[in-house]
2 protein chains.
Amino acid sequence: MTARYAGIAGELREAIMRGDYDVGAQLPSEAELAVRFAASRGTVRQAVAVLAAEGLVGSRQGARRIVLGRERSQSFAELHSFAQWARSTGHRVTGLVLEQRRRAADVTEATRLALQPGDAVLRVLRVRSLEGEPVLLERTVYAGWIAPAVESLPADCESVTQALYESVGLVFAYGEHLIDAVAAGTEDARLLSVRRGSPLLRQRRVTTTPEGRPVEWSDDRYRAGSVTFSIRNSVDANPLVRQVGDLRPSS
Amino acid sequence: MTARYAGIAGELREAIMRGDYDVGAQLPSEAELAVRFAASRGTVRQAVAVLAAEGLVGSRQGARRIVLGRERSQSFAELHSFAQWARSTGHRVTGLVLEQRRRAADVTEATRLALQPGDAVLRVLRVRSLEGEPVLLERTVYAGWIAPAVESLPADCESVTQALYESVGLVFAYGEHLIDAVAAGTEDARLLSVRRGSPLLRQRRVTTTPEGRPVEWSDDRYRAGSVTFSIRNSVDANPLVRQVGDLRPSS
DNA sequence: GGGCCTAGCTTGTTTGAACAAGTTCGCCTA
DNA sequence: TAGGCGAACTTGTTCAAACAAGCTAGGCCC
């Protein structure tokens, strides 16, 4: 069994998504839930805190909690891994490595991956397709210490995240993402079957292990209209930040 | 004074941002912090939970907490309000209403704002500039009940969010955001001074009051390169979600 | 020297209790 | 009837204690 509060959160989440509570309706009070689940108030609070973080419920001191929506945010794994996300939504996903080679890290890459300039890194160019249509172009730089594991993957590996976990036990735990829009370059256009200059949604990200060690730096470009990022937030919890452009050269 | 845990979180945050702890370094243990701040372990845990949600520190059961970075996520207000965000980063921001008129809500708008089709709504077209350069085009639909307050604002109102708070005490508490890339239409191109078809970063959002009542539905388009969205997340906390495109017609 | 194992440290989970602070709603008064 | 008041309810904050579970480092054995 998982933690108690996680179980309670799960039951409440299902009840909300099932429609037991309408959007805008009130949730039972903490005291009531504590009795129903035979848990202390603290544990119940932890459970509803999970739902609040997912954006499902909101709360104000003094008033009952309110149901804000029915769609749950997906897990970190689903956010990080294109394959896991696509699969969880029932889409058929494929991938293909077009290029892969080791190089010495330049200053930018070294900084981002917490390496010394000149240390070995592995650059990979990958196309991902949804239902056979190419929708995503990934230009990834892996830190040298993980390169062997990445190179040993098949070129059409579906989920790199999962493969790395299974082969070397690597876990991605933290990520920082920068999202903006860019025009498709010549190569982008050719590989994604769009016209040059057409809009792409760009997501640049650094991912690190649970110990805080950077593993990869990636520039992912989505064909416009194929994928949308969705964010739920509240006065309490909010992870999204705007930044003025041109802070960093684009790789 | 604010809550105890908030104060502790603040001190720790400052220490991290000041560089007392290097990125990758360990934070003192909960027990140690409890002694130092003369608080119970529970309160200390609440404080570090705040930092974890901000993406500043990470934690693993059994091991000391690790400093992950030095940049803090901004507040919800800064995320929601373009003006407040820009001001907090030291930019000069201006705004101008180009069009404003009441209409009956169509089915889409009514659904998103939890109204009945035919109820009155207020549509506003606004341009926002950074340092005099137009960077953002806002097409906003306000629910009828807030329309009078919006109409009474000056056309060059800098911060609508703040103005509405001051005039009628309206507070924005929750938001749902959809982010993708689109090509600039004829009107977009003219008003943002870009070529037609050039890439724009689009953010569609619904914002609601603390009671869960939708206030506005907006389609914001940023000129490419002017603004970047940044997200920090971890296995525990993650608010960002991908969605397959074409789920909803674009306004 | 190399590998295993355990003791102690550190974070995760849960309970129970108490008070603070904000909301709601009915009642009472002017 | 309109407004104000207050009691009951509900969430927010804090404390203290105990056990579970994962991690680390040092010592021990081969």
Side-chain angles (χ1 to χ4, degrees), chain A residues 1-12 21 24-53 56-68 76 169 171 173-174 209-213 234-237, chain B residues 1-12 21 24-53 56-68 76 169 171 173-174 209-213 234-237:
Chain A
M1 226 319 236
T2 49
R4 194 76 175 298
Y5 76 88
I8 296 176
E11 286 200 37
L12 288 175
Y21 302 101
Q26 294 184 334
L27 228 52
S29 74
E30 293 175 2
E32 221 168 310
L33 292 172
V35 172
R36 184 188 308 177
F37 291 106
S40 76
R41 192 180 153 221
T43 303
V44 168
R45 277 182 70 77
Q46 239 178 124
V48 294
V50 172
L51 301 185
L56 287 177
V57 306
S59 63
R60 287 180 298 155
Q61 183 172 116
R64 288 275 258 271
R65 256 171 265 264
I66 299 170
V67 176
L68 292 175
F76 176 77
V171 174
Y174 307 109
T209 65
E211 294 84 31
R213 194 177 186 192
S234 70
V235 253
D236 314 313
Chain B
M1 222 327 229
T2 49
R4 192 76 171 295
Y5 77 87
I8 297 175
E11 286 201 37
L12 288 175
Y21 301 102
Q26 294 184 334
L27 228 52
S29 75
E30 293 174 3
E32 222 167 308
L33 292 172
V35 173
R36 183 188 309 175
F37 292 106
S40 76
R41 195 183 148 216
T43 303
V44 169
R45 278 181 69 77
Q46 223 170 325
V48 293
V50 171
L51 302 184
L56 287 176
V57 306
S59 64
R60 287 180 297 155
Q61 182 172 116
R64 286 278 256 279
R65 256 170 265 264
I66 300 170
V67 176
L68 292 175
F76 176 77
V171 175
Y174 307 109
T209 65
E211 294 83 31
R213 195 176 185 194
S234 70
V235 254
D236 314 314

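Since this is a predicted model, take the numbers as computed values, not measurements. All chains are named by letter (A, B, ...) in the order of the sequence lines, taking the proteins before the strands, and each is independently numbered beginning at 1.
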What residues form a side chain to side chain contact (heavy atoms under 4.5 Å, CB included) with A:A31, not counting sequence neighbours? A:S29
Salt bridge (Lys or Arg N to Asp or Glu O under 4.0 Å) involving B:E32 - partner list, sequence neighbours excluded: B:R64
Pairs involving residues 43-53 of chain A, ordered by first then second residue, that meet salt bridge (charged side-chain N to carboxylate O under 4.0 Å, His left out) (sequence neighbours left out): A:E30-A:R45
Test side chain to side chain contact (heavy atoms under 4.5 Å, CB included) applied to B:L68 - qualifying residues, sequence neighbours left out: A:Y174
A:Y21: which of A:L56, A:L27, A:I66 passes side chain to side chain contact (heavy atoms under 4.5 Å, CB included): A:L27
Which nucleotide of DNA chain D is the first, and which the last, in the 5' to 3' direction, to come under 4.0 Å of a heavy atom belonging to chain B? D:dT13 to D:dT24
Any donor-acceptor pair under 3.5 Å from B:T2 side chain to B:A6 backbone: no
I need the minimum non-hydrogen distance between B:P210 and B:V171, along with the two atoms involved. CD-O, 3.4 Å
Base-contact (B) and sugar-phosphate-only (S) positions in nucleotides 12-27 of chain C, heavy-atom cut-off under 4.0 Å, - elsewhere: BBBB--B--BBSS---
